[in-house]
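Below is one structure; the comments refer to it alone.
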Protein chains: 2
Amino acid sequence: MDQVDIFKALSNRSRMQILSWLKDPEFNFPEQGGAGFEHGVCVGQIQRKAGLTQSTVSEYLSILQRAGLVSSVRVGQWTYYRRDEAGIKALLENLGTEL
Amino acid sequence: MDQVDIFKALSNRSRMQILSWLKDPEFNFPEQGGAGFEHGVCVGQIQRKAGLTQSTVSEYLSILQRAGLVSSVRVGQWTYYRRDEAGIKALLENLGTEL
DNA sequence: AAGGTATATCGAATTTTCCCGATATATCTA
DNA sequence: TAGATATATCGGGAAAATTCGATATACCTT
């Protein structure tokens, strides 16, 4: 994934919010409580919080994923997304030297 | 300047190149030699190297400037641009904590 | 003052992004 | 197997970004 495309992924308020919310899933997605947070947060929760349509959020999550900023796991009918901390760290280190 | 807008400024190959070229003006803009590099590199030099029109480069430089990534000085009929290392450092530190 | 050079701004055509609704796919449950 | 739920993908309209050529502005030289 190219640096420029990573910046494109980050060039959107909603996507930045999602990335930020995922730093503290327990706090930002209390509704999911019962299901636990081991795998991350499911799309529906993020969709409700973001106030965008399901299709938009699904697309945004896949943009973040292609940029290496989040990862996903399918568990039953749910897809859980979480931050890819290694990918984010790698990005920051890259920026530190290349920017 | 908002984080998202800074990412937008960086979401373009040409603007990223310009920012990168300005890390080593002597090497990347040898044509400017005679005039010296104390103030940075003038728009025309960047324009020729980027292979874009004058108006496009002028606009791109102002986008980078609004994002706090470069600064400019007018000297006679020339405007010299250089990296705003303080602004870039501030951005990196912000990212380190906020991203 | 007049003409030349460097940069900025304006207006527009094209491409890309944003975000939606509709539909497809996968899985779960009865 | 049929229906319900969760997510992904498709197609498109509106908005923003890209990039240009033309023009305006600023400054320098003679």
Side-chain angles (χ1 to χ4, degrees), chain A residues 1-2 4-19 22 29 31-37 39-67 69-82, chain B residues 1-2 4-19 22 29 31-37 39-67 69-82:
Chain A
M1 193 64 166
D2 185 340
V4 169
D5 293 306
I6 297 178
F7 286 131
K8 282 186 187 170
L10 295 168
S11 294
N12 175 280
R13 199 114 18 212
S14 298
R15 288 194 294 268
M16 284 293 280
Q17 280 187 326
I18 291 171
L19 211 51
L22 290 177
F29 302 95
E31 279 185 63
Q32 181 171 302
F37 294 96
H39 304 102
V41 181
C42 70
V43 179
Q45 293 294 327
I46 299 172
Q47 187 253 307
R48 274 185 284 286
K49 177 129 183 159
L52 297 168
T53 62
Q54 188 272 319
S55 58
T56 297
V57 170
S58 178
E59 163 146 29
Y60 280 10
L61 287 169
S62 88
I63 290 173
L64 290 172
Q65 183 162 31
R66 274 198 301 280
L69 300 165
V70 305
S71 63
S72 69
V73 203
R74 178 113 201 191
V75 178
Q77 40 192 341
W78 292 276
T79 307
Y80 294 94
Y81 282 85
R82 70 166 92 197
Chain B
M1 191 64 166
D2 184 341
V4 169
D5 293 307
I6 297 178
F7 286 132
K8 282 186 185 168
L10 295 169
S11 294
N12 175 281
R13 200 119 10 216
S14 298
R15 288 193 295 268
M16 284 293 279
Q17 281 186 326
I18 291 170
L19 212 51
L22 290 177
F29 302 95
E31 278 186 63
Q32 180 170 303
F37 295 97
H39 304 103
V41 181
C42 71
V43 179
Q45 292 294 328
I46 299 171
Q47 187 253 307
R48 273 184 285 285
K49 176 130 184 159
L52 297 168
T53 61
Q54 187 273 320
S55 59
T56 297
V57 170
S58 177
E59 163 143 30
Y60 280 10
L61 287 168
S62 90
I63 289 173
L64 290 172
Q65 183 162 30
R66 274 199 299 281
L69 300 165
V70 304
S71 64
S72 69
V73 204
R74 179 111 200 190
V75 178
Q77 40 194 342
W78 292 277
T79 307
Y80 294 95
Y81 282 86
R82 71 166 92 198

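Here is how names work: the chains are called A, B, and so on, in the same order as the sequence lines, proteins then strands, and each is numbered from 1.
- Side-chain contact between B/Trp78 and B/Gln32: absent, with no pair of heavy atoms (C-beta onward) separated by less than 4.5 Å.
- Of the residues in residues 69-82 of chain A, those placing a heavy atom less than 4.0 Å from an atom of DNA chain D are A/Gln77, A/Trp78, A/Thr79, A/Tyr81, in numerical order.
- Judged by distance alone, the side chain of B/Arg82 and the main-chain N or O of B/Val73 form no donor-acceptor pair under 3.5 Å.
- Considering only heavy atoms from C-beta on, A/Ser72 stays 4.5 Å or farther from A/Leu61 through its side chain.
- At D/dT19, one or more side-chain N or O atoms of B/Asn12 fall inside 4.0 Å of OP1 or OP2 (strictly under the cut-off).
- Looking only at side-chain heavy atoms (C-beta outward), B/Asp5 and B/Arg66 stay at 4.5 Å or farther from each other.
- For the pair B/Gln65 and B/Tyr81, the tightest heavy-atom approach, listed with the atom from each and the gap, is OE1-CE2, 3.8 Å.
- Direction of the helix axis in the helix from C/dA1-D/dT30 to C/dA30-D/dT1 shifts by 20° between the two five-pair termini, rounded to 10°.
- Using a 4.5 Å heavy-atom cutoff, the side chains of A/Met16 and A/Leu10 are in contact.
- Remark: the backbone N or O of B/Gly76 is paired with a side-chain donor or acceptor of B/Arg74 at under 3.5 angstrom.
- Take A/Gln54 and apply the side chain to side chain donor-acceptor pair (under 3.5 Å) test, not counting sequence neighbours, and it matches no residue.
- Atom NZ in B/Lys8 sits roughly 15 Å away from atom P in D/dA15 (whole-Å rounding).
- For the pair A/Gln65 CD and D/dT9 P, the interatomic distance rounds to 10 Å; values are reported in whole Å.
- For DNA chain C, the neighbouring residues in residues 52-64 of chain A, judged by any heavy atom under 4.0 Å, are A/Leu52, A/Thr53, A/Ser55, A/Thr56, A/Glu59, A/Tyr60.
- Put simply, CD1 on A/Ile18 and CG on A/Leu52 are 7.0 Å apart, with the number rounded to the nearest 0.5 Å.
- B/Phe7 is linked by a ring-ring contact (aromatic ring centres under 6.0 Å, His included) to A/Phe7, counting only residues two or more places apart in sequence or in another chain.
- B/Lys49 contributes atom NZ, which lies 13.0 Å from atom OG of B/Ser14 (distance to the nearest 0.5 angstrom).
- Between A/Tyr60 and A/Ile46, every side-chain heavy-atom pair lies at or beyond the 4.5 Å cut-off.
- Distance, B/Gln47 CD to D/dC20 C1': 12 Å, rounded to whole Å.
- Nucleotides of DNA chain C lying under 4.0 Å from heavy atoms of chain B occupy a range whose first and last members, 5' to 3', are C/dG4 to C/dT9.
- Note that the CZ atom of A/Arg48 and the CZ atom of A/Phe29 stand 10.5 Å from one another [nearest 0.5 Å].
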